Q: 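Submitted below is the structure of interest, expressed as structure tokens.
Since we're looking at a predicted model, the values are computed, not measured. Below, all heavy atoms of this structure are taken into account, side chains as well, without hydrogens, waters or symmetry copies. Sequence lines set the chain letters: A, B, ... in the order given, protein chains first and strands last, and positions in each chain run from 1.
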Number of protein chains: 2
Amino acid sequence: MAHSDQYIDKLRKSGLRPTKQRIKICEVLFDADKTFHFTIKELVKIIENQANIKVSLATVYNTVHAFMRKGYLKEIPLNASQSYYDTNVTHHHHFFDEEENKLIDIHQDDVDEVNIKRTIPGKKIRSVEVIAKIVSDNQSQK
Amino acid sequence: MAHSDQYIDKLRKSGLRPTKQRIKICEVLFDADKTFHFTIKELVKIIENQANIKVSLATVYNTVHAFMRKGYLKEIPLNASQSYYDTNVTHHHHFFDEEENKLIDIHQDDVDEVNIKRTIPGKKIRSVEVIAKIVSDNQSQK
DNA sequence: TCAACAGTTTAGAATAAATATAATGTATTA
DNA sequence: TAATACATTATATTTATTCTAAACTGTTGA
């Protein structure tokens, strides 16, 4: 299978052994047509629904973190009770709908590049994230 | 005392009764010359060190949340294991030093206004936050 | 091919932040 | 000042995440 091989490759490049569980996680995360946002709990649920492989929470945490270290996933900076991850690791930003607890991508082209004029000696910027919190616009309903 | 009155006023405006504990929390949060960042645990520790008033965790949580609802404090959007709050509620952004776990303010003037061209029907933007993660710049040491 | 090793998975325990509870205490009001 | 409504507190609970140690599996090399 071409896909499976791809995942095995990806895992090897990450220094991870390609196990049943990890390949399944890859399938869920990287096989979709579209990128998506997820929490660990959601990911476990998706795997449960799609496969007859049992994957423990610990394995999912470990693998997601390994993929993050390798840059295959990124965490979305949100003050939520649980962490949200993103399979879209290209440079982009997010709306967070506080009422529906939903994340919406903002394409890089839709935000002027954030230009920070200040620097910190000895430090470099690793990433810049914009989170725009949105709520219902009741103005228009009055 | 003028300050105390100020706090009582602030509390009343928030719909909160001015109790010993809450006034103490106000003193710590709003009496400083400078604004600052804190976690709940840090706030409790500061109060313990400064006063001979005992304040329970629950009260601190409740009061901080009440102040947040009123806009006297804001939460900094960070994926940390604990929430960081900011007494500076004016519009500004943050560096987050991932190695030292430290937040640094970026003044509004140091960032061009973030202009998001995309809108979501029926929603309005409530806040826009920029988090720039910084790490040691080893380039310059080579 | 297979033994041995190193890395992996897992259930369950541990940790820690945040929230809920319910009894006791305090500010407010009339 | 008494009655009431709101606050505080210690403690228990909840929940996400991390840790642990035993059982298991992929890999390597003979």
Side-chain angles (χ1 to χ4, degrees), chain A residues 4-5 7-28 37-48 51-70 73-85 101, chain B residues 4-5 7-28 37-48 51-70 73-85 101:
Chain A
S4 216
D5 287 353
Y7 300 145
I8 290 172
D9 212 54
K10 199 162 204 168
L11 286 165
R12 285 208 194 288
K13 278 180 185 155
S14 306
L16 296 176
R17 285 186 183 169
T19 62
K20 272 204 306 289
Q21 290 84 348
R22 284 178 181 154
I23 289 169
K24 186 69 218 170
I25 291 171
C26 283
E27 277 173 35
V28 170
H37 310 128
F38 64 94
T39 64
I40 295 291
K41 229 161 92 182
E42 284 166 1
L43 182 51
V44 170
K45 205 178 291 179
I46 295 169
I47 292 170
E48 272 177 9
N52 44 5
I53 293 170
K54 180 135 195 12
V55 181
S56 72
L57 254 187
T59 297
V60 174
Y61 272 105
N62 291 341
T63 306
V64 164
H65 287 167
F67 285 153
M68 287 231 292
R69 280 193 298 276
K70 287 293 160 181
L73 292 175
K74 65 178 187 180
E75 196 173 3
I76 300 167
L78 261 192
N79 295 106
S81 56
Q82 38 188 343
S83 294
Y84 281 76
Y85 303 91
N101 247 268
Chain B
S4 214
D5 287 352
Y7 302 145
I8 290 173
D9 211 55
K10 201 163 203 166
L11 286 165
R12 285 209 194 287
K13 278 180 185 155
S14 306
L16 297 175
R17 285 185 184 171
T19 62
K20 272 204 306 291
Q21 290 85 348
R22 284 177 180 157
I23 289 169
K24 187 70 218 168
I25 291 171
C26 283
E27 277 174 35
V28 171
H37 309 128
F38 63 95
T39 64
I40 296 291
K41 229 162 92 181
E42 283 166 2
L43 183 50
V44 170
K45 205 178 290 178
I46 295 169
I47 292 170
E48 272 176 10
N52 44 7
I53 293 170
K54 180 135 194 13
V55 182
S56 71
L57 255 186
T59 297
V60 175
Y61 273 106
N62 291 340
T63 307
V64 165
H65 287 167
F67 285 153
M68 286 231 293
R69 279 192 299 276
K70 286 295 160 179
L73 293 175
K74 66 177 187 181
E75 196 174 4
I76 300 167
L78 261 191
N79 295 106
S81 57
Q82 38 187 342
S83 294
Y84 282 76
Y85 303 91
N101 247 271

Q: Looking at Tyr61(A), does any N or O in its side chain come under 4.0 Å of the phosphate oxygens OP1/OP2 on dT18(D)?
A: no

Q: Classify every nucleotide of nucleotides 7-14 of chain D by which part a protein heavy atom approaches to under 4.0 Å, writing B for the base, S for the sugar-phosphate alone and - for neither, in 5'-to-3' order.
A: SSBB----

Q: Below 4.5 Å, heavy atoms only, C-beta onward: do Val55(A) and Val44(A) meet side chain to side chain?
A: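 The answer is no, as the side chains (C-beta and beyond) never meet within the 4.5 Å cut-off.
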
Q: Taking the side chain as C-beta and beyond, is there a heavy-atom pair between Gln21(A) and Lys24(A) under 4.5 Å?
A: no

Q: For the backbone of Pro18(B) and the side chain of Arg12(B), can you confirm whether one donor and one acceptor N or O come within less than 3.5 Å of each other?
A: no

Q: Quick one: pull up CD1 in Ile47(A) and NZ in Lys54(A) and give me the separation to the nearest 0.5 Å.
A: 10.5 Å

Q: side-chain hydrogen bond (donor to acceptor under 3.5 Å, both in side chains) with Ser83(A): which residues, sequence neighbours excluded?
A: Glu75(A)

Q: Through what angle, rounded to 10 degrees, does the axis of the helix from dT1(C)-dA30(D) to dA30(C)-dT1(D) turn between its ends, using five pairs per end?
A: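 Here the helix ends are tilted 30° relative to one another.
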
Q: Among all residues two or more places apart in sequence or in another chain, which pass the side chain to side chain contact (heavy atoms under 4.5 Å, CB included) test with Ile46(A)?
A: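 Checked Ile46(A) against side chain to side chain contact (heavy atoms under 4.5 Å, CB included); matches are Val28(A), Phe36(A), Gln50(A).
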
Q: What residues in residues 75-84 of chain A put a non-hydrogen atom under 4.0 Å from any atom of DNA chain C?
A: none

Q: 5' to 3' on DNA chain C, which nucleotides open and close the contacts with chain A (atom under 4.0 Å from a heavy atom)?
A: dA6(C) to dA11(C)

Q: Would you please name every residue forming a side chain to side chain contact (heavy atoms under 4.5 Å, CB included) with Lys45(B), sequence neighbours left out?
A: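 With neighbours one apart ignored, the set is Asn49(B).
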
Q: Main chain of Leu78(A), side chain of Asn79(B): is a donor-acceptor contact present, judged purely on distance under 3.5 Å?
A: yes

Q: Which residues pass the salt bridge (charged side-chain N to carboxylate O under 4.0 Å, His left out) test with Lys10(B), not counting sequence neighbours?
A: none

Q: Can you give each donor-acceptor pair under 3.5 Å made by side-chain atoms of residues 57-70 of chain A, sequence neighbours left out, with the distance rounded to 0.1 Å?
A:
unit_1   : atom_1 : unit_2   : atom_2 : d
Thr59(A) : OG1    : Ser56(A) : OG     : 3.1
Asn62(A) : ND2    : Ala58(A) : O      : 3.3
Thr63(A) : OG1    : Thr59(A) : O      : 2.8

Q: Could you work out, with side chain to side chain contact (heavy atoms under 4.5 Å, CB included) as the rule, every residue matching Asn101(B), not counting sequence neighbours?
A: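 Scan of Asn101(B) (side chain to side chain contact (heavy atoms under 4.5 Å, CB included), adjacent residues dropped) gives Tyr84(B), Phe96(B).
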
Q: Apply salt bridge (charged side-chain N to carboxylate O under 4.0 Å, His left out) to Lys74(B) and list each qualifying residue two or more places apart in sequence or on a separate chain.
A: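 Listed in chain order: nothing, the list is empty.
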
